[in-house]
Amino acid sequence: MSGAPVAPHPGSAQKSPTTPAETIFEARGVNLRFGGVHALTDVSFGIRKGELFSIIGPNGAGKTSMVNCISGRYRPTDGKVFFKGRDVTGTTPNHRAALGIGRTFQNLALFGHMSVLDNIMVGRHHLLKNNFLTGPLYWLTGARKEELAHRREVEEIIDFLEIQHVRKATAGTLSYGLRKRVELARAIALKPDLILLDEPMAGMNLEEKEDMARYIVDLNEEFGMTVVMIEHDMGVVMDISHRVMVLEFGKKIAEGKPEEVLADPRVRRAYLGEDDVEDDVPSASSPPARKEVA
Amino acid sequence: MTLLFQLLVNGLIVGALYGVVAMSFVLIYKASRIVNFAQGEFLLIGAWTCWWLLTSWQLPFWIGFPITLVFMLAFGVILQVVVLRPMIGEPIISVIMVTIGLSIVFQAAMKWMFGVFAKPFPQIFAHATMNVFGLQVQTVYVVSLAISLLIMAGFGWFFKYSRLGLAMRATAFDQQVAQSLGISVRQMFAMSWAISAMVSAVAGVTVGVVNGVSSALSFFGIKVFPAVILGGLDSVIGAVVGGLIVGVLENVAHYLDSQWLNWGNMYEIAPFYVLIAILMIKPYGLFGTKDIERV
Amino acid sequence: MPNAATAATHHAASDAPVAPPVAAAKRTMLSVNNIEVVYNDVILVLRGLSLEVPEGEIVALLGANGAGKSTTLKAISGLLKTEDGEVTRGDITFAGERINGIDPDKIVRKGIFQVMEGRRIIADMTSLENLRLGAYTRRDGGVKDDLDMVYGYFPRLKERTGLAGYLSGGEQQMLAIGRALMARPKLILMDEPSMGLSPLMVKEVFSIIQQINKDLGVTILLVEQNARMALQAAARGYIMENGKVVLDGTAEELRNNEDVKEFYLGGGNEERKSFKNLKSFKRRKRWI
Amino acid sequence: DIPIGHLADQSGGTSDVGVPYAQGVSDALAYINAHGGINGTKMAVDSVDYGYQAPRAISQYKKWSSGSDKIVALQGWGTADTEALTGFVSKDEIPAYSGSYSGHLTDPTGKGPHGSKPAPYNFFYGPSYSDALRGMLTWAAEDWKKKGGQGKPKYVHMGANHPFPNAPKEAGEQIAKELGFEVLPPVQFALTPGDYSAQCLTLKEAGANYAYLGNTAGSGISVLKACQTVGAKVQFMGNVWGMDENAAKAAGSAADGVVFPMRTAVTWTGDAPGMKLMKDISKISDPSGNAYRPVHYMAGVCTAYYMKEALEWAGKNGGLSGPNIRKAMYQKKDWVPAGLEGVCIPSTWTETDHRGMTAVNIYRASVKGDTEASVDELVKSGAIKLEKVATEDVPRKPEWLGW
Amino acid sequence: MANVSIIPSGDFKTSYAADTTIFPTKTSRNFAILGVVLLLACPAFLDRYWLSLLIQIGYLGIAALGLNILVGFTGQISIGHSAFFGFGAFASAWLNNSLGVPVALAIPLAGVVTTGVGLIFGVPAARLKGLYLAIATLAAQYILQDFFGRADWFTGGSAGTIAEPLTIFGFAFDTDERYFYVVLVAMVVMYILGTNLMRTRDGRALVAVRDHYLSAEIMGINLTKYRTMSFGISAFYAGIGGALYAHYLQFVSVENFTILFSIQFLGMIIIGGLGSIMGTLMGTAFMVLLPEVMQAATKLVSGTAVDTALNLRENIAFLREMSIGLVIILFLVFEPDGLAHRWKQIKAYWKLYPFSH
Ligand SMILES: Nc1ncnc2c1ncn2[C@@H]1O[C@H](COP(=O)(O)OP(=O)(O)OP(=O)(O)O)[C@@H](O)[C@H]1O
Ligand SMILES: Nc1ncnc2c1ncn2[C@@H]1O[C@H](COP(=O)(O)OP(=O)(O)OP(=O)(O)O)[C@@H](O)[C@H]1O
Ligand SMILES: [Mg+2]
Ligand SMILES: [Mg+2]
């Protein structure tokens, strides 16, 4: 179901103009309603290829819903979403995975009874060729060769995320933090061009957040994946993201460079809850994460 | 007054009976997500107990029947304590398998205790049959219809509003969470099994009165599956509605079959075709709550 | 052993129960003595863990992923059973009464309520029903008022009348916390309450925690990854690492401990390094 | 000893008739052993309940038919297992006496016009289901005339879509046409008890006069009751396994007037020279000697006795090999086992025709008043009576062989 | 000194290939091979009774594996498996009788035909979940049973149909001794195929669908396709099993393919262990042997003091039935995760021995 390619100058509503060349994903006037609940109202934005794009906003603002619209879990009530210039509004999640969108989940969604290894191998699904006919004839059809080849790549991902020690463990029995890491590994295994991370650092202590941040940065810089990240830890968001979009009550209230966005009083009020400017106002550059101390 | 109309009436009346049995399924399911394959045997046990009280002890029905209900309550609790308690927290399907084991045990035990021959129920109503819209039907059917509506109303309220009702639903949703809230999973299970056993006794006695008591009655257990599903596994009202629908379906199917098609056996099979058709449109039955798809 | 200078007591592999000075003053409400926890009869997770929670205090329990924090809480609340885990050694006493091996629901009735990791709300019920279930063990009439109290804390929950399963992650987290408040327990075990909450909400939640601790005198054992906030709210803290307590002391002491600064609070007194320019290799700190 | 296998259904779906029949067989065999056995050697009878589950019957059979002491003959039971074993017994040449009377077991060569598979080693005592129905329909035709019924009587076959009820279906409908019945489309009802008012209402609507109940007692009772309730006045014709004292008791007044075929010349209360031996045999499992035995018990005894005499003959003529025993079955015409005269009905088997009995004794159940008491008492008090109404001799038409 | 311990503690695998073999260790593989060799020798020293039991375990085990792939691996409960088993039986007989397809070919073909039927009845799986789907399969059970009863051309109607014995180049496999090998080969092949399926792409996809279908979809798995497919696969196994059954009995009757039979199939895989291939075989053996054992046990009881005390006589049958039920219950109370799980634990224990903990 291929749609018309993106018009040269999409979303004139957009502040930061994007040319199709560099826009990998674009949402145009996305609305999402659940009965009375307006999860998203007329949200438009574009994500440039190779950028690290963060979505922040108060709880229930519609961040996850937005990501769901990108990955195809939800279909916008109206509005369109474009991926690599194609209108993918109507396509199913599994189709989008094949197109190159991978993601992790806010509430863990691992395959609890599978080993970590298999969990990640599932990520290779759309890259593997063998099927229910060739698979069973393991040795005769080259399924074995293929499986092993992919296994090798998976092992690289495992090394990259430093989860060798739980390779064989049953995913369901891992601790929260480890599970989040395995989820990331599984998403990476898809070899996506666009990877969506829903609160990848929730439930991690500083040390682990640092690791996670490092992985994400590497994903973005080394592996050249475009990353969309939802995160509540402003420290991380400010430090590593190129651009930030802020949602509130399903509406986009700001978008732009981290420090710009942070400067926006609405954001500070709605999100950080720093209603009135205190005596030690942080310069936009210094991360407010530390301000929570105050 | 036409044959079709008579069949419709009959369908409704018998459907109500299916409704009762269906409810006894729902009760257990709502508290534990377990489908009880021994339900048919529960029904049988209820029937035999009442029969025994009425024949061996010559008790009048209005005494014997309440005693039966009390006995079934106790039976439900004991069963839960002895057999099902150890299974708490185990995979649902294993528990379902246990209920299958139970049905084997009870089936044999009943035959052992009461023999393999069908036994007639003593006359309990002054008039064994009565006239409904010009159709002669067994009085006991009509009575059970009334009872079933009562039970339905009762449980409808119970699960929506009462504290225990909520607790049962919580237990069904996630035993660990339920316990973390201070809900005694054991209590909930014991309760639901007891009530369910009692309800199935009502049905057991009814079918017993009509067909005579024999171990074959336990077949009603499986027979009502379509009704349960049609209404929605976890809906008390659905159970009764499902029962009525299946009852009517059977009769209408039989009507078409006997009048025109002459394929034979539509009576038994048609409900299943309709069942699938309805499920394809409403995957959770008519009143079942759909589970949450949220990531 | 690095920077033994700090006031905080390190105890490497020692199993000796700790009797911190503070505890001496207040009556200890909960004490965990040298427990060992095994999952599925094979996986040993807690290896002789001990901690104490004085009555009316907030105690923080910090540690890396997989250290065994949640396991510790589950061991206390008895929920371990439901995951075929068991306490194979040591004992847990609550208000002077040994409670290991008791069924979770009974423990709740004794006044210990756990807010489980990962929300765990009852998805196919409304948030109101969820809250009512929080008060399941209560008999007193106060439920109504507490309901208003919770709605006061989290107005969002009042707006969302649909099934709880459709709430956003954060909303669900609020619901989970609200549910605990509804129970009015003596001791709340909180497993990462701030997870998935916006900075605003995190503040909110922590002020709530302090508030109920002060006003309602509820004792709280707090497992938290946001060490900064936790050590602010808490009076004492424990730091654990694969199944053992490796460091403990007053919040004050811990905040000033160099290692804690570096690995939990982010940066010591020198300027905090940005997440951006972390070296791909970094020193890992382990006490054992 | 002479190893004999005995498959019984005491716990399964057909146990209501399986128990008395099996009791008859084992009592008889025990009695024979107690009185000199077969030419002086005892039979080692292995009675096994297989709960009417074919797979169990098979593995049990394999057990018997393997190893050192292979059974020389098999006392079988139901349709499912008999059909499943037919192939095996003919390969192993082990005569099998079944409680299943379906027509195609009567064709030893498989050359019958209806080309069912050959069943050279299957025997049963009694009229085949088809012949029994043929007999009853013949009676029904006369009965209709006698009653002075106007026009064509209407006949309908009722039963589940299963081997047992269907066995005599075509045979019945075919002869019904010949006899001038109007054949209504068959009415189906499940093998299990349930509400069959719908069926009865249609019977009533269609104005059926004679209906054959093909199922076993359990569901038959439901139909009888339902039809009584809705007031469908139909002359029901039960089948061999569908009606007996217990069924009559359970169905109560609803069973009043139902006719059904009987495999013995008398019931337990009847008197015939053979009844003495019958009663002695009964004492094996009931020393007090005052238990009432339902019709299936007596049928079981007769079946066992035919096997006994066959074994004896074979023993005297070349030993107890399968083929010999089979041969023995063909020795006598109008054969009645010694001592059971007037009880077992004269039967004749030949190499090409295993329709042992074609004479159909038709009985009517009469039930008066309530039926709470035990069967013995009910029969004594005359609340339940089984009265003979006629004996129909069904011709041995070759084209009816095997169905 | 690595080869001292039978099961090496920890992973000593040096290549991914070595890490993806069917059997975790050389020893275990050798044991398996040894087992097969022993089985090959069985007809030499086992009598027909035992052979027939083994044969039953064989063809039931094949069908049960199919069910386990559906229920255990894909998480779709089915209580209509015996209907597919029956369809395979009839199909094979029909292909051979009516179309003259040689039995050796008819058996696999029957599997294929049954797959088609399975796919048809798998369609609801696209929309239905859990017990709703389970009951839909119950519908399949009844609808097919009814079909068997009326489709004279295909099943010989309620009278049933004959199935010729399997003959290859004039050599007839018509005795237990011979047919045993047919079943053995079929079983080994089908089990190897099954094992391979479960460790390759589509097998993993099935399990993923079971564990978390929402994220499975996000991982690029087409839910509808795999939910339906697993019905097809399970039907294929059922068909093969049924076909083998048909040509063993050489007679097929609608009577045998009842809901009770379907429930027995469920019993096999639950007791054996959901989602375990070897467990399936263990469970099948359990369910086949249990009645036999109980039979033998009650035989011992009869005539003893117990017998007379309880005045059992023919009631002994009920005692047996009850103990069968009780054994199933007790088993599940003590091993709710099935034989396979217990087996794993034993292995885990020895792996860490003597340092378990
Ligand atoms: N499937 C659904 N049905 C009904 N309401 C929904 C559904 N999904 C989301 N919502 C509502 O839409 C709003 C936005 O939800 P969403 O999960 O996107 O918030 P969020 O920004 O991710 O919040 P958080 O930071 O807490 O995760 C919430 O109020 C939620 O109740
Ligand atoms: N049910 C279980 N079965 C087996 N092992 C388990 C189980 N639950 C936890 N574990 C193991 O116990 C260890 C501790 O887990 P736990 O969840 O207590 O860690 P945690 O401190 O809470 O980590 P996190 O901060 O990520 O939540 C982990 O290594 C985990 O793999
Ligand atoms: Mg979210
Ligand atoms: Mg944790």
Side-chain angles (χ1 to χ4, degrees), chain B residues 2-4 6-7 9-11 13-15 17-18 54-55 58 107-108 111-112 115-123 128-129 135-138 141 207-208 210-220 222-223 247 250-255 257-259 261-269, chain D residues 9-20 51 157 159-161 184-206 216-223 225-226 228-231 244-247 249-254 294 370-373 375:
Chain B
T2 71
L3 173 61
L4 179 57
Q6 287 185 324
L7 287 175
V9 176
N10 184 59
I13 287 167
V14 178
L17 177 65
Y18 296 160
L54 267 54
T55 51
Q58 296 297 328
Q107 196 44 254
K111 279 184 177 163
W112 191 347
V116 292
F117 307 114
K119 302 265 173 64
F121 233 88
Q123 169 106 10
T129 72
L135 170 66
Q136 282 296 326
V137 294
Q138 293 274 348
Y141 274 144
V207 287
V210 176
N211 305 293
V213 196
S214 71
S215 42
L217 292 189
S218 60
F219 174 73
F220 265 81
I222 291 176
K223 187 168 174 55
E250 285 183 341
N251 282 266
V252 172
H254 179 75
Y255 177 74
D257 196 9
S258 60
Q259 298 306 304
L261 307 173
N262 295 322
W263 291 344
N265 214 22
M266 282 301 101
Y267 180 81
E268 259 189 303
I269 300 304
Chain D
D9 177 14
Q10 278 153 339
S11 60
T14 59
S15 45
D16 55 347
V17 280
V19 166
H157 176 99
N161 195 5
L184 302 176
V187 173
Q188 290 188 323
F189 64 101
L191 279 162
T192 47
D195 167 72
Y196 297 119
S197 317
Q199 282 79 346
C200 293
L201 284 168
T202 40
L203 282 189
K204 193 174 168 192
E205 175 85 357
T216 44
S219 50
I221 294 165
S222 300
V223 171
K225 288 201 156 193
Q228 182 189 36
T229 311
V230 303
D244 58 35
E245 294 85 344
N246 288 293
K249 168 180 153 69
S253 55
D370 83 351
T371 53
E372 278 177 51
V375 170

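Within every chain, numbering begins at 1; the chains are lettered A, B, ... in the order of the sequence lines, protein sequences first and strands thereafter.
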* Asked: D:Leu201 versus chain B, heavy atoms under 4.5 Å apart: side chain, backbone, both or neither?
  -> both
* **Side-chain heavy-atom pair B:Lys119, D:Lys249 within 4.5 angstrom cut-off** => yes
* **Nearest heavy-atom neighbours spanning B:Ser258 and D:Thr202** => OG-CG2, 3.2 Å
* Asked: Non-hydrogen atoms of chain B under 4.5 Å away: do they reach the side chain of D:Pro186, the backbone, both or neither?
  -> neither
* About how many Å separate CD of D:Glu205 and OH of B:Tyr255, when rounded to the nearest 0.5 Å? -> 7.0 Å
* Structure fact -> In terms of heavy-atom pairs under 4.5 Å with chain B, the winner among D:Pro20, D:Gly13, D:Gly194 is D:Gly194
* Non-hydrogen atoms of chain B under 4.5 Å away: do they reach the side chain of D:Asp195, the backbone, both or neither? -> both
* Structure fact -> Value for CD (D:Gln10) from NZ (B:Lys111), rounded to nearest 0.5 Å, stands at 11.0 Å
* Structure fact -> When the 4.5 angstrom heavy-atom criterion is applied to B:Phe121 and chain D, the contacting part is neither
* To do: Please flag which part of D:Ser11 lies under 4.5 Å from any non-hydrogen atom of chain B: side chain, backbone, both or neither.
  => backbone
* Between D:Pro193 and B:Ala216, which heavy-atom pair has the shortest distance, and what is it? -> CD-CB, 3.2 Å
* Contact leader toward chain B among D:Gly18, D:Ala251, D:Gly51, D:Ser197, where contacts are heavy-atom pairs under 4.5 Å -> D:Ser197
* Give, for atom NZ of B:Lys223 and atom OG1 of D:Thr192, the distance between the pair rounded to the nearest 0.5 Å. => 6.5 Å
